[in-house]
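Worksheet: one structure, shown below.
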Amino acid sequence: MSNVVTRFAPSPTGHLHIGGARTAIFNWLLARHFGGRFVLRIEDTDTERSKQEYTDSILASMKWLGLDWDGDLIYQSERFDIYNSYIDRLLESGHAYWCECPPDEVEKMREEARAKGLKPRYNGRCRSRDLGPGDGRVVRLKAPAEGRIVFDDLVKGTVAFDVAELDDMVLRRSDGAPTYNLAVVVDDATMGVTHVLRGDDHLSNTPKQILLYQALGFDLPRFGHVPMILGPDRKKLSKRHGAKAVIEYEQYGLLPQALVNYLVRLGWSHGDQEIFALEELVEKFGTENLNSSAAGFDPDKLEWLNGHYLRETSPEELARLVLPFVAAEGFDVDASRLAQLVPLFRERANNLVELARVMRFMLVPAAEVEYDAAAVAKALTEEGRRHVAGVREALAALGTFDREGCEKAIHDYVEGNGLKFKQVAPAVRVAVVGAMGGPGLPDMMALLGRDDVLARLDRAVAL
RNA sequence: UGGGAGGUCGUCUAACGGUAGGACGGCGGACUCUGGAUCCGCUGGUGGAGGUUCGAGUCCUCCCCUCCCAGCCA
C-alpha cells in the first residue's frame with residue numbers, strides 16, 4: 001500500500017460539472033496509479049446552499065464515471081466540533097483573534113482600499129484589541145505582518161506570494177460555523193492527504209492555507225493547480241458553449257469512458273496518444289504532463305470520441321446500454337433483439353439517444369413505418385414502385401431469407417431487367433425503412449425477416 | 001485597482017535551445033444502393049516588438065490579450 005492519498009471535495013451546491021469531474025478523475029487516477037487511497041469528502045459548510053439532492057446527484061455521477069472512493073463518505077457538516085477545536089488552539093497560541101467588525105463595516109474598509117487603488121480587504125482593526133468571545137463576533141487568522149510564501153506547485157512550478165497581500169481571513173463565522181479554508185486544511189491534514197489536485201481558482205487560497213498548516217504544525221501536502229476549462233472562445237465556460245452537467249451527459253447517451261477519456265486529454269497528455277482505456281490511464285497517468293494553460297471545451301471532439309467508444313463496445317453490452325433509451329422512445333424490445341441490431345446501426349450514431357432513434361424503423365410493425373416525404377417523392381415514383389413490386393416477387397420466391405439471399409434476389413431482378421443496382425435500390429430502401437439513409441439494404445432485410453419485408457414492400461407499392 | 005496564473009493550426013495537444021508534428025473540426029477523393037462508418041489527401045499555427053545565441057515556440061525585456069483570487073461562498 002502506497003502512502004499517496006488524494007481526495008475530491010465537491011460542494012453540494014449544484015450538479016457535478018465537467019470541471020469538477022476532471023479534477024475528480026485526475027485525483028482518482030493519481031491515487032490508483034500509485035496504489036494509494038482516494039477520499040471523497042462533501043464540503044457542505046455552507047449550510048444554506050448545500051442540498052441533499054445535489055449530494056445525491058454528485059454521488060450518482062461519480063459512480064457513473066466509475067470513480068470509486070475508499071472508506072466512508074465524509075461530510076464536513078458533521079465535523080464542526082473538530083474544526084472548532086483547532087480554531088481554539090489557534091486562539092490559544094496567538095495565531096487567531098476575535099473580531100467584532102460586522103460585514104457591512106468590513107465592506108466599507110474594502111471600499112476605502114479600492115478608492116486608494118489598493119487591494120480591497122479587512123484592515124485589521126480588531127487585531128490588537130484582545131477581544132474575547134461574544135455575540136456577533138468572528139475569529140480571524142492573525143496573519144504574519146511580512147514575509148513570502150513560496151511553494152513548488154505540481155502543475156505551475158514555483159509560485160510565490162507576498163504575505164502583505166493577505167488579510168486576516170475569517171476562520172469561524174459569527175454563527176459558530178468554520179469557514180472553507182480552515183476546514184479544508186484540518187481535513188486534508190487529519191486525513192493524511194498527500195496530494196491536492198484542484199482547480200487553479202484556488203491558487204490564491206493556497207498561501208492562506210499554508211499559513212494555517214504552519215500555525216497548526218501540520219505537514220504540507222503537494223499542491224497541484226490545474227487550469228479552469230474555458231469555452232472554445234477562451235471565455236469562462238457556460239451553457240452557451242454546450243457544456244453540461246455530468247448527469248446531463250449521461251442522459252444524452254454518452255458513455256462514461258468517452259467522457260473520462262476526453263476530460264483527461266483536456267490538460268494532460270501522453271505523447272500524441274488520444275484513445276486510452278481506463279486501465280491504461282491508471283498505468284500511465286502522472287502529474288508530469290499536466291498542462292498549466294487553460295483549455296477550451298470542444299463538444300465536437302467529445303462527440304467523436306463517444307462515437308469511437310460506441311463502435312468499440314460489444315453488441316451485447318451496447319444493447320444493454322441502449323435499452324432504456326429505446327424504451328424511452330416507446331418501444332418494448334428485448335436486449336437480445338437489440339444485440340442483433342446495434343452492430344449495424346452504431347455506425348450511424350454518436351450517442352445512445354441517436355442510436356435509439358436511428359433504429360426506430362426496425363422496431364415498428366410494417367403498417368406503422370413512417371415515410372420521409374422527400375424520400376418518397378424522390379424514390380417511390382411510378383417507376384420506383386414497379387421496381388419494388390418486382391423485387392418483392394423475387395424475395396417471396398427465396399428459399400432461405402438471409403442477407404446473401406436478399407442481395408441475390410435484388411441482383412437477379414436488376415440483371416433480369418437490364419438495370420443497375422443504383423436504379424432499383426433507392427426505391428426498395430425507402431419502401432423497407434421509409435427513408436434514404438441507413439445500413440446496407442440486404443442486412444436490414446435479413447434482420448426484419450421475410451413477412452415483415454414483404455408487408456413493407458406491399459404497403460409501398462400501394463402508396 | 002492590487003495580487004496570482006497563462007498565451008503553438010478554429011479546438012485539444014506534441015516538439016533535448018537544433019526538421020513545428022498528431023488528434024478533432026473544415027474541404028476534397030475512394031468505397032459499384034444510401035452513408036453520420038472506414039481509408040486516403042488537402043487546409044491550417046508559435047499574440048506583437050526588441051534582445052541573447054551559429055541557431056529561439058523554447059532564454060531575457062517591454063507591450064497586448066485571456067483566466068483566477070481579493071464573501072462571515074466554496
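No experiment lies behind these values; they were computed from the predicted model shown. The sequence lines fix the lettering, A, B, ..., with proteins before strands; numbering per chain opens at 1. Every heavy atom of this structure was used, including side-chain atoms; hydrogens, water molecules and symmetry mates were not.
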Problem - A/Arg121 side chain, from C-beta outward: closest of B/C72, B/A70, B/C68 - result: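 Closest nucleotide among those given: B/A70.
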
Exercise for the section: Choose from B/G3, B/C72, B/A74 the nucleotide whose nearest atom is closest to any side-chain atom of A/Arg49. Expected result: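 Looking only at heavy atoms from C-beta outward on A/Arg49, the closest nucleotide is B/A74.
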
Practice task
Can you see which heavy atom on A/Arg127 is nearest to which on A/Ala143, and at what distance?
Solution key: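 Looks like NH2-O, 2.6 Å.
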
For the [atom1] atoms, the ones on [N] and on [M], what distance do you get once it is rounded to whole angstrom?
| N | M | atom1 | value |
| --- | --- | --- | --- |
| B/A15 | B/U8 | P | 15 Å |
| B/G55 | B/C67 | C1' | 34 Å |
| B/G41 | B/U46 | C1' | 25 Å |
| B/G35 | B/C16 | P | 44 Å |
| B/G45 | B/C40 | C1' | 24 Å |
| B/U13 | B/A49 | P | 25 Å |
| B/C24 | B/G18 | C1' | 30 Å |
| B/G48 | B/U66 | C1' | 15 Å |

Practice task
Evaluate the salt bridge (Lys or Arg N to Asp or Glu O under 4.0 Å) criterion for residues A/Glu112 and A/Lys108: first the C-alpha distance (whole Å), next the side-chain angles of each, then the deciding distance (0.1 Å), finally the verdict.
Solution key: CA-CA 6 Å; A/Glu112 286 166 9; A/Lys108 282 201 184 85; over 6 Å; no

May I have the distance from [X] (atom [atom1]) to [N] (atom [atom2]), rounded to whole angstrom?
| X | N | atom1 | atom2 | value |
| --- | --- | --- | --- | --- |
| A/Lys108 | B/G71 | NZ | P | 16 Å |
| A/Leu166 | B/G3 | CG | C1' | 9 Å |
| A/Ile149 | B/C69 | CD1 | C1' | 15 Å |
| A/Asn181 | B/C72 | CG | P | 11 Å |
| A/Tyr83 | B/A74 | OH | P | 11 Å |
| A/Arg110 | B/C69 | CZ | P | 14 Å |
| A/Asp104 | B/G71 | CG | P | 14 Å |
| A/Trp98 | B/C72 | CH2 | C1' | 13 Å |

Problem - Short side-chain N/O contact from A/Thr179 to OP1 or OP2 of B/C73, under 4.0 Å - result: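 Answer is no, no contact under 4.0 Å.
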
Partner lookup for [N], please. Criteria are Watson-Crick or G-U wobble with both distances under 3.5 angstrom; report none if nothing qualifies.
| N | result |
| --- | --- |
| B/G18 | B/C54 |
| B/C27 | B/G41 |
| B/G2 | B/C69 |
| B/C9 | none |

Exercise for the section: On RNA chain B, check which nucleotide each of A/Gly136 and A/Leu302 is closest to and give me the residue with the more 5' one. Expected result: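 Its nearest nucleotide lies further toward 5', so the answer is A/Leu302.
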
Handout entry: Carboxylate-amine/guanidinium contact A/Glu370 A/Arg456, below 4.0 Å
Key =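 Judged by the 4.0 Å cut-off on N to carboxylate O distance, A/Glu370 and A/Arg456 do not form a salt bridge.
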
Problem - Salt-bridge present (A/Asp88, A/Arg172; N to O < 4.0 Å) - result: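 Between A/Arg172 and A/Asp88 there is a salt bridge, with a charged N closer than 4.0 Å to a carboxylate O.
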
Handout entry: Geometric cation-pi criterion A/Lys244 and A/Tyr252, 6.0 Å radius, 45° cone
Key =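 Positive - A/Lys244 is close enough to the ring of A/Tyr252 and near enough to its axis.
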
Handout entry: Distance under 6.0 Å and angle within 45° of ring axis: A/Arg129 vs A/Tyr97
Key =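 No - A/Arg129 does not lie over the ring of A/Tyr97 by the 6.0 Å and 45° rule.
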
Handout entry: Donor on one side chain, acceptor on other, A/Thr381 and A/Arg386, under 3.5 Å
Key =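 The answer is no; no qualifying pair exists.
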
Under 4.0 angstrom, heavy atoms only, what part of the nucleic acid is [X] near: base, sugar-phosphate, or nothing?
| X | value |
| --- | --- |
| A/Thr45 | sugar-phosphate |
| A/Cys101 | base |
| A/His225 | nothing |

Exercise for the section: Treat primed atoms plus P, OP1 and OP2 as sugar-phosphate and everything else as base, then score nucleotides 28-47 of chain B 5' to 3': B for base contact with protein heavy atoms under 4.0 Å, S for sugar-phosphate contact only, - for none. Expected result: -----BBBBS----------

Exercise for the section: Produce a footprint string for nucleotides 4-16 of chain B: one letter per nucleotide, 5' end first; B if the base is under 4.0 Å from any protein heavy atom, S if only the sugar-phosphate is, - if neither. Expected result: SSSS---BBSS--

Problem - Qualifying side chain to side chain donor-acceptor pair (under 3.5 Å) pairs with a residue from residues 15-24 of chain A, counting only residues at least two apart or across chains - result: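 Sorted pair list: A/His15-A/Ser57.
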
Exercise for the section: Decide yes or no on side-chain contact (heavy atoms from CB on, under 4.5 Å) for A/Asn351 and A/Tyr249, but give the supporting numbers first. Expected result: CA-CA 10 Å; A/Asn351 61 66; A/Tyr249 283 114; over 6 Å; no

Handout entry: Pair A/Asp187-A/Arg41, salt bridge (Lys or Arg N to Asp or Glu O under 4.0 Å): steps then yes or no
Key = CA-CA 9 Å; A/Asp187 276 346; A/Arg41 182 171 78 217; 3.4 Å; yes

Handout entry: Anti or syn - B/G71, cut at 90° from 0
Key =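 Syn conformation for B/G71.
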
Problem - Flag side-chain contact, heavy atom, 4.5 Å: A/Asn350 against A/Leu310 - result: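 No, side chains not in contact.
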
